[in-house]
Every structure is written in C-alpha cells, then in structure tokens.
Amino acid sequence: MTILIDPPFWPAHGRLWSHLVSDASYDELHEFAARLGVPGRGFDHDHYDIPQERYDAVVAAGAVPVKGTELIRRLIASGLRVPERDRRDR
C-alpha cells in the first residue's frame, strides 16, 4: 500500500498542481489526506489535487514521488482509476 504523488505539472487557477493517489484503497488515500489537512473538496473522483506549494510537505509526510505516467499506471493497476467517461456522470 503506497500513497503516490506526481510532480506539480497541471496548470489551473493560476498555479501548478500534483495528483495524490493510493495504489491500494480510497480509505488509505482519504486518511493520508486528512492527516495533512487536505480539504475534501480537493478530491476529484480518484485523486486529490495538491497545489505546488504543498508538494514538498506531502512528500515529507510519506507520499512517494513518481512520474505522472507511473502514477496513472499504478492507479489503473489498482482498479481505483475512474475512467474519463464516468467522470462526466458524477
């Protein structure tokens, strides 16, 4: 069970964002995010959006930094990835 984070690369709202995921369970992901005070509104179907300025603190708290391609590969392999087609319905 691992919490993963990709580098801040995704632009939105005037800043760059990372994705925080679990390769094991949403419960693990939500517990990790709650310990760091990440607001629930940051959860987007299968990941939390983390602003660039919090990246180092999230890694220091135990998230494993990986490339975005590795993060997606492991999220899909875990069965926790929500496909794009299902995101529109939520």
Side-chain angles (χ1 to χ4, degrees):
M1 295 191 296
T2 305
I3 299 294
L4 308 167
I5 190 166
D6 63 1
F9 175 77
W10 307 98
H13 312 291
R15 55 178 28 158
L16 295 176
W17 298 82
S18 294
H19 298 120
L20 184 71
V21 305
S22 168
D23 68 355
S25 76
Y26 290 129
D27 288 341
E28 176 187 43
L29 177 60
H30 294 312
E31 289 170 13
F32 185 87
R35 279 197 319 268
L36 295 177
V38 176
R41 70 180 180 275
F43 185 68
D44 186 16
H45 302 288
D46 56 13
H47 68 276
Y48 280 90
D49 293 317
I50 303 294
Q52 178 178 15
E53 59 271 15
R54 297 216 45 208
Y55 178 84
D56 290 337
V58 172
V59 171
V64 176
V66 295
K67 292 182 179 180
T69 53
E70 174 74 5
L71 183 137
I72 291 296
R73 185 186 67 72
R74 293 192 42 194
L75 186 60
I76 290 169
S78 74
L80 298 174
R81 176 71 171 159
V82 175
E84 186 64 35
R85 68 179 179 275
D86 295 340
R87 291 170 185 267
R88 287 177 253 143
D89 297 336
R90 294 185 182 196

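It should be emphasised that the depicted structure is a prediction, and the values quoted were computed from it without experimental measurement.
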A.B. asks: Check whether any side-chain heavy atom of Val21 sits under 4.5 Å from a side-chain heavy atom of Asp46, and report yes or no.
C.D. replies: no

A.B. asks: Who are the side chain to side chain contact (heavy atoms under 4.5 Å, CB included) partners of Asp56, not counting sequence neighbours?
C.D. replies: none

A.B. asks: First locate atom NE2 of His47, then atom CH2 of Trp17, and finally report the distance between them rounded to the nearest 0.5 Å.
C.D. replies: 10.0 Å

A.B. asks: What are the two closest heavy atoms between Ser22 and Ser78, and how far apart are they?
C.D. replies: O-OG, 4.2 Å

A.B. asks: Could you list the donor-acceptor pairs under 3.5 angstrom formed by side chains in residues 3-12, with sequence neighbours left out?
C.D. replies:
from: Asp6; atom 1: OD1; to: His19; atom 2: N; distance (Å): 2.6
from: Asp6; atom 1: OD2; to: Trp10; atom 2: NE1; distance (Å): 3.3
from: Asp6; atom 1: OD2; to: His19; atom 2: ND1; distance (Å): 3.2
from: Trp10; atom 1: NE1; to: His19; atom 2: ND1; distance (Å): 3.2

A.B. asks: Under 3.5 Å, side chain of His30 to main-chain N/O of Asp27, donor-acceptor pair present?
C.D. replies: no

A.B. asks: Please tabulate, for the side chains in residues 65-77, all donor-acceptor contacts under 3.5 angstrom to protein atoms that are two or more places apart in sequence or on a different chain.
C.D. replies:
from: Glu70; atom 1: OE1; to: Arg73; atom 2: NE; distance (Å): 3.3
from: Glu70; atom 1: OE1; to: Arg73; atom 2: NH2; distance (Å): 3.1
from: Glu70; atom 1: OE2; to: Arg73; atom 2: NH2; distance (Å): 2.8
from: Arg74; atom 1: NH2; to: Asp23; atom 2: OD2; distance (Å): 2.9

A.B. asks: Tell me, do Val38 and Phe43 make a side-chain contact under 4.5 Å, heavy atoms counted?
C.D. replies: no

A.B. asks: Determine the minimum heavy-atom distance between Tyr55 and Ser18, stating which atoms define it.
C.D. replies: CD1-OG, 3.4 Å

